[in-house]
*Asks:* 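Right, I'll just put the structure down here and ask away after.
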There are 2 protein chains.
Amino acid sequence: MRSLDSTITKLKAEGFKLTPQRISVIKYMEGNPDHPSAGDIYKALKKKYPGLAFSTVYNTLRMLQKIGEIQAVNIAEDHMNYDPDTSSHFHLLCEECGKIVDIPSSGDLAECFRSSEISGHEVKSYQINMRGTCSSCLCGSSDPQRRL
Amino acid sequence: MRSLDSTITKLKAEGFKLTPQRISVIKYMEGNPDHPSAGDIYKALKKKYPGLAFSTVYNTLRMLQKIGEIQAVNIAEDHMNYDPDTSSHFHLLCEECGKIVDIPSSGDLAECFRSSEISGHEVKSYQINMRGTCSSCLCGSSDPQRRL
DNA sequence: CTGTATGCAAAGGTTTTGCATCGGG
DNA sequence: CCCGATGCAAAACCTTTGCATACAG
């Protein structure tokens, strides 16, 4: 997801309709670093757009996934999170504050997945998910953002 | 999970009770390469032990996780899978047959996670999940085990 | 206009919880 | 004996689905 404009252009090119609800979801995701869940998106947008259904959020997310504008992050145990940054990077779920933070992809790591063939299997995609404590919680030991 | 005996010994040492239901779950998991879900375990054991509750399966799995005898694998989209092999290795979800296969940890990959500090965050654990096509489905293109 | 997206509600699946009862240590 | 585990059922939660209506192109 580079920008609102490029995403909308892509939508049109792929033949999808531009409804206000879809645009609101796209706006919410664009540049959002918080890896929101479908529920987060629904709750946040429901205030502004009372006429918004849960299924519309899911449909829009699925559509954005299909055209490669967002990626689903399978790191939490009981729900999916969504990331507008589809470049190669990884995620850490902080066990203190519950946030999901981005981890840049190191050259060494990328090197391991250079080939699409690993142990005789064909690898089409991969995710690296970590758990631990994020830098904010490590420094500010008075944990200003503790949620758990 | 090394063996049935060692697991039972560990359970006793940790002060957990040895009930027939717990032992049946442990037996089912021990050496099982199929990464079953809680539902798989329940369905399989319900035949032999009609007196088995879903909650007991979940309780036992949580207990086994806590004492480090199994690990939860967060690779499927809508449920958790469980693996009695807690050594360092990764998983590939085959998009053809739906199976989860083990990928041995390479030295190069392990090297990347040598330090518990990455990008200023403290990493306590990590999972590498891949999607693609497993070697069985690649070879036997007549896909004898296709499920999707 | 036409076809598709929306909203609503209900279903489906997984996991959790509450409570009376049972049984292992 | 006693405390914790079990079984049962229901609830909670996330996600998907079906259908009539509304609306973008």
Side-chain angles (χ1 to χ4, degrees), chain A residues 7-28 35-67 70 72-82 98 100 148, chain B residues 7-26 28 35-67 70 72-82 93 98 100 148:
Chain A
T7 304
I8 287 179
T9 302
K10 193 162 190 178
L11 272 192
K12 283 184 186 170
E14 303 262 352
F16 289 101
K17 287 186 180 173
L18 282 171
T19 61
Q21 295 86 346
R22 284 185 169 175
I23 293 176
S24 75
V25 172
I26 295 169
K27 272 189 190 167
Y28 187 82
H35 310 86
S37 67
D40 293 335
I41 299 168
Y42 176 72
K43 271 176 281 186
L45 294 179
K46 188 70 176 177
K47 298 170 192 165
K48 281 190 179 178
Y49 308 82
L52 178 68
F54 232 126
S55 49
T56 300
V57 174
Y58 277 104
N59 286 336
T60 304
L61 290 172
R62 207 183 312 155
M63 176 197 67
L64 289 172
Q65 264 188 89
K66 193 179 292 180
I67 65 174
I70 63 172
V73 180
N74 194 3
I75 190 171
E77 294 195 348
D78 52 355
H79 61 82
M80 206 63 89
N81 294 87
Y82 298 90
I100 296 174
L148 301 177
Chain B
T7 304
I8 288 180
T9 303
K10 194 162 189 177
L11 272 190
K12 284 184 186 169
E14 302 263 354
F16 289 103
K17 288 185 181 174
L18 282 171
T19 63
Q21 294 87 346
R22 282 185 170 176
I23 292 176
S24 75
V25 173
I26 295 169
Y28 187 82
H35 310 85
S37 67
D40 294 333
I41 299 169
Y42 176 71
K43 272 176 277 186
L45 294 178
K46 188 70 176 178
K47 299 170 190 166
K48 281 190 177 178
Y49 308 82
L52 178 69
F54 231 127
S55 49
T56 301
V57 174
Y58 276 104
N59 286 336
T60 305
L61 289 172
R62 207 181 312 155
M63 176 196 67
L64 289 172
Q65 266 188 87
K66 194 179 293 179
I67 65 175
I70 63 172
V73 181
N74 194 2
I75 191 172
E77 294 196 346
D78 54 354
H79 62 83
M80 206 64 88
N81 294 86
Y82 297 90
L93 174 59
I100 297 174
L148 299 178

*Asks:* If you assign each of B:Leu18 and B:Ser37 to its closest nucleotide in DNA chain C, which residue comes earlier from the 5' end?
*Replies:* B:Ser37
*Asks:* Compare every heavy atom of A:Ala76 with every heavy atom of B:Asn74, then report the nearest pair and how far apart it is.
*Replies:* ND2-O, 2.9 Å
*Asks:* Figure out the CG/P separation between A:Asn74 and D:dT15, and round it to whole Å.
*Replies:* 10 Å
*Asks:* Scan B:Ile41, B:Thr60, B:Val57 and name whichever one has a side chain to side chain contact (heavy atoms under 4.5 Å, CB included) with B:Leu52.
*Replies:* B:Val57
*Asks:* Toward the 5' end of DNA chain D, which comes first, A:Asp78 or A:Pro20, by nearest nucleotide?
*Replies:* A:Asp78
*Asks:* When you measure from the side-chain N and O atoms of A:Arg62 to the phosphate of D:dT15, is any distance below 4.0 Å, counting only OP1 and OP2?
*Replies:* no
*Asks:* Under 4.0 Å between a side-chain N/O of B:Tyr58 and OP1 or OP2 of C:dT16, yes or no?
*Replies:* no
*Asks:* Side chain of A:Phe16: nearest nucleotide among C:dA5, C:dT6, D:dT6?
*Replies:* C:dA5
*Asks:* Can you find a heavy atom in the side chain of B:Met63 that is under 4.5 Å from one in the side chain of B:Arg22?
*Replies:* yes
*Asks:* Taking NZ from B:Lys43 and C1' from C:dG13, how many angstroms apart are they, rounded to a whole number?
*Replies:* 10 Å
*Asks:* Can you say whether a donor on the side chain of A:Lys17 sits under 3.5 Å from an acceptor on the base of D:dC23, or the other way round?
*Replies:* no
*Asks:* Please tell me if B:Thr19 has a side-chain N or O lying less than 4.0 Å from either OP1 or OP2 of D:dT6.
*Replies:* yes
*Asks:* May I have the distance from A:Leu61 (atom CG) to D:dC14 (atom P), rounded to whole angstrom?
*Replies:* 14 Å
*Asks:* Could you state the CG-P distance from A:Leu52 to C:dA9, rounded to the nearest angstrom?
*Replies:* 14 Å
*Asks:* Taking only the side-chain heavy atoms of B:His79 (C-beta and beyond), determine which of C:dT15, C:dG24, D:dT16 contains the nearest atom.
*Replies:* C:dT15
*Asks:* Of the nucleotides D:dT6, C:dT15, C:dT6, which has the atom closest to the B:Gln21 side chain?
*Replies:* D:dT6
*Asks:* In terms of side-chain heavy atoms of B:Met80, which of C:dG24, D:dA24, C:dT15 is nearest?
*Replies:* C:dT15
*Asks:* Given atom OH of A:Tyr42 and atom C1' of C:dA9, what is their separation to the nearest angstrom?
*Replies:* 12 Å
*Asks:* Of the options B:Leu64, B:Ile8, B:Leu11, which is the one that meets B:Phe16 in a side chain to side chain contact (heavy atoms under 4.5 Å, CB included)?
*Replies:* B:Leu11
*Asks:* Starting at CD1 of A:Ile23 and ending at P of C:dT6, how long is that distance when rounded to a whole Å?
*Replies:* 10 Å
*Asks:* Would you kindly say whether A:Ser37 and A:Asp40 are connected by a side-chain donor-acceptor distance under 3.5 Å?
*Replies:* yes
*Asks:* Hey, does A:Ser55 reach any base, or is it just sugar-phosphate, or nothing, if we go heavy atoms under 4.0 Å?
*Replies:* base
*Asks:* Please give, in whole Å, the distance from D:dT6 C1' to B:Leu45 CG?
*Replies:* 15 Å
*Asks:* If you find the nucleotide of DNA chain D closest to B:Glu77 and the one closest to B:Thr56, which residue's nucleotide is nearer the 5' end?
*Replies:* B:Thr56
*Asks:* Measure the distance from CD1 on A:Ile8 to C1' on D:dG25 and round it to the nearest whole Å.
*Replies:* 15 Å
*Asks:* Please determine, for the side chain of A:Phe54, which listed nucleotide (C:dT6, D:dA9, D:dT15) has the closest atom?
*Replies:* D:dT15
*Asks:* Looking at every heavy atom in both B:Lys10 and B:Ile67, which two are closest together, and how far apart are they?
*Replies:* NZ-O, 3.1 Å
